[in-house]
Amino acid sequence: MRFDVERQAPVRDAHGFCVECKPGETGEVIGKILKDASKPGARFEGYAAAAETEKKILHDVFQKGDSWFRTGDLMRKDTAGYFYFVDRVGDTFRWKGENVSTTEVEEAIGQFDEALEAAVYGVEIPGRDGRAGMAAIVAKGNFNLTAFHDHLARRLPDYARPVFLRTRSHMDVTATFKQKKVDLVAQGFDPGTIGDPIYFNDPAAKAFVRLDPTLYARIRDGQVRL
């Protein structure tokens, strides 16, 4: 099912029905819910809270009255019929008119020897459409910013390379060891309120440069090319 990353919602046609993805397009995987005793695998019992159950169900998807379960997984299918995992709903964001998969960016960062852990997410910049990519990373003590910049340039298209880089001594996680990306998104990229070092991927210098309050203000006011 075609998925609108900016709206974080399914794409529906003029008749109000969802649209199937073409080969190569990324969409959310859904499963039809059947109330058929002979097909127990197609049942959906739901959650203890009715509101949580309703979030997982789409109605009137391909025809009036049908119901489908939302997996939250974004995948794409090639012309040979093979499926590839792309990301989780909510982790993909748009920048420069393109969809950026946090999973793919995190994988590219993980291939750099000096990077130990990474969390990739999108942050809002006033006056700019979409979200700019930002990576919070835990790295070795000899972290080489120049080599890291070159590494990303070889592995990622321009729109997917992190605009901001935040280096940390450790990554905050939940009780189930999931990264607290929601907190990172909320904190943004203001060096005046964040104690960790933050760097800007400067397209003019073709390097990561330290983000200070002056540069931050220029980016916020639209005076710097991104």
Side-chain angles (χ1 to χ4, degrees), residues 1-95 97-107 118-124 129-134 136 159-160 171-188:
M1 171 192 71
R2 196 174 294 171
F3 186 80
D4 187 326
V5 172
E6 285 188 296
R7 292 174 47 247
Q8 289 293 297
V11 174
R12 292 185 180 263
D13 61 21
H15 302 288
F17 295 120
C18 294
V19 181
E20 290 191 53
C21 291
K22 298 177 182 178
E25 285 187 331
T26 296
E28 183 180 359
V29 178
I30 57 177
K32 191 169 187 179
I33 298 172
L34 299 175
K35 296 180 180 179
D36 186 340
S38 66
K39 298 179 180 179
R43 293 204 309 265
F44 178 55
E45 304 297 342
Y47 301 95
E52 291 302 312
T53 298
E54 194 57 31
K55 288 179 183 178
K56 283 292 187 177
I57 299 177
L58 283 176
H59 301 284
D60 302 331
V61 178
F62 298 117
Q63 61 185 34
K64 202 70 176 175
D66 66 356
S67 298
W68 293 69
F69 171 76
R70 300 187 62 183
T71 66
D73 289 329
L74 296 179
M75 301 184 74
R76 65 172 177 267
K77 182 175 71 172
D78 65 17
T79 54
Y82 291 98
F83 287 87
Y84 301 86
F85 176 80
V86 175
D87 221 334
R88 288 285 296 168
V89 168
D91 281 343
T92 296
F93 58 89
R94 281 185 74 78
W95 179 244
E98 300 285 351
N99 291 343
V100 180
S101 165
T102 61
T103 299
E104 292 180 358
V105 179
E106 285 169 356
E107 287 178 354
V120 175
Y121 48 98
V123 292
E124 292 184 344
D129 292 331
R131 291 175 178 265
M134 185 165 183
Y159 66 84
M171 202 70 72
D172 295 327
V173 296
T174 66
T176 55
F177 302 103
K178 292 182 179 179
Q179 295 171 338
K180 293 184 176 180
K181 284 191 181 182
V182 174
D183 293 345
L184 293 171
V185 171
Q187 291 163 12

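Residue numbers run from 1 in the order of the sequence given. The analysis underlying the following values was restricted to heavy atoms, covering all of them including side chains, and did not include hydrogens, waters or symmetry mates.
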Practice task
Please test F85 against T103 for side chain to side chain contact (heavy atoms under 4.5 Å, CB included), starting from the C-alpha separation and ending with a verdict.
Solution key: CA-CA 9 Å; F85 176 80; T103 299; 4.3 Å; yes
Practice task
List the steps, then state whether side chain to side chain contact (heavy atoms under 4.5 Å, CB included) holds for N99 with R94.
Solution key: CA-CA 4 Å; N99 291 343; R94 281 185 74 78; 2.7 Å; yes
Exercise for the section: Quick one: closest heavy-atom pair of R76 and E25, and the distance? Expected result: CB-O, 3.3 Å
Practice task
Using a 4.5 Å cut-off on heavy atoms from C-beta on, say whether the side chain of I30 contacts that of F62.
Solution key: yes
Practice task
Answer yes or no: are there more than 12 heavy-atom neighbours, outside Y82 itself, under 6.0 Å from its atom OH?
Solution key: no
Problem - Atom CG of D129 with >12 non-hydrogen neighbours under 6.0 angstrom - result: no
Practice task
Can you measure from CZ (F3) to CG (D73) and round to the nearest 0.5 angstrom?
Solution key: 11.5 Å
Handout entry: Point-to-point distance, once rounded to the nearest 0.5 Å, from OG1 of T26 to CE of M75
Key = 10.0 Å
Practice task
State whether the side chain of D66 and the backbone N or O of V61 hold a donor-acceptor pair below 3.5 Å, judged by distance alone.
Solution key: yes
Handout entry: Set of residues satisfying side chain to side chain donor-acceptor pair (under 3.5 Å) with respect to E98, sequence neighbours excluded
Key = none
Practice task
Please check if the side chain of T71 supplies one atom and the backbone of V29 the other of a donor-acceptor pair under 3.5 Å.
Solution key: yes
Completion exercise
Sorted by chain and number, sequence neighbours left out, side-chain contact (heavy atoms from CB on, under 4.5 Å) with A186 holds for none
Problem - Contacts of type side chain to side chain donor-acceptor pair (under 3.5 Å), residue W95, not counting sequence neighbours - result: none
Practice task
State which residues pass side chain to side chain donor-acceptor pair (under 3.5 Å) with Q187; sequence neighbours excluded, sorted by chain then number.
Solution key: R166
Exercise for the section: Sequence neighbours left out, what passes side-chain contact (heavy atoms from CB on, under 4.5 Å) with K181? Give chain and number order. Expected result: D91, T102, E106, A119, Q179
Practice task
Evaluate the side chain to side chain contact (heavy atoms under 4.5 Å, CB included) criterion for residues F93 and V185: first the C-alpha distance (whole Å), next the side-chain angles of each, then the deciding distance (0.1 Å), finally the verdict.
Solution key: CA-CA 12 Å; F93 58 89; V185 171; over 6 Å; no
Exercise for the section: Could you tell me the separation between the CG atom of L74 and the OG1 atom of T92, rounded to the nearest 0.5 Å? Expected result: 5.0 Å
Which pairs would a plain distance check flag for residues 12-23, meaning a side-chain donor or acceptor within less than 3.5 Å of a matching protein atom at least two apart in sequence or in another chain?
unit_1 : atom_1 : unit_2 : atom_2 : d
R12    : NH1    : G16    : O      : 2.7
R12    : NH1    : D60    : O      : 2.8
R12    : NH2    : H59    : O      : 3.1
D13    : OD1    : H15    : N      : 2.9
D13    : OD1    : G16    : N      : 3.0
D13    : OD1    : F17    : N      : 3.0

Handout entry: Check: D172 and D183 side chains under 4.5 Å, non-hydrogen atoms
Key = no
Exercise for the section: Give the intermediate values and the outcome of side chain to side chain contact (heavy atoms under 4.5 Å, CB included) for residues E28 and W68. Expected result: CA-CA 11 Å; E28 183 180 359; W68 293 69; over 6 Å; no
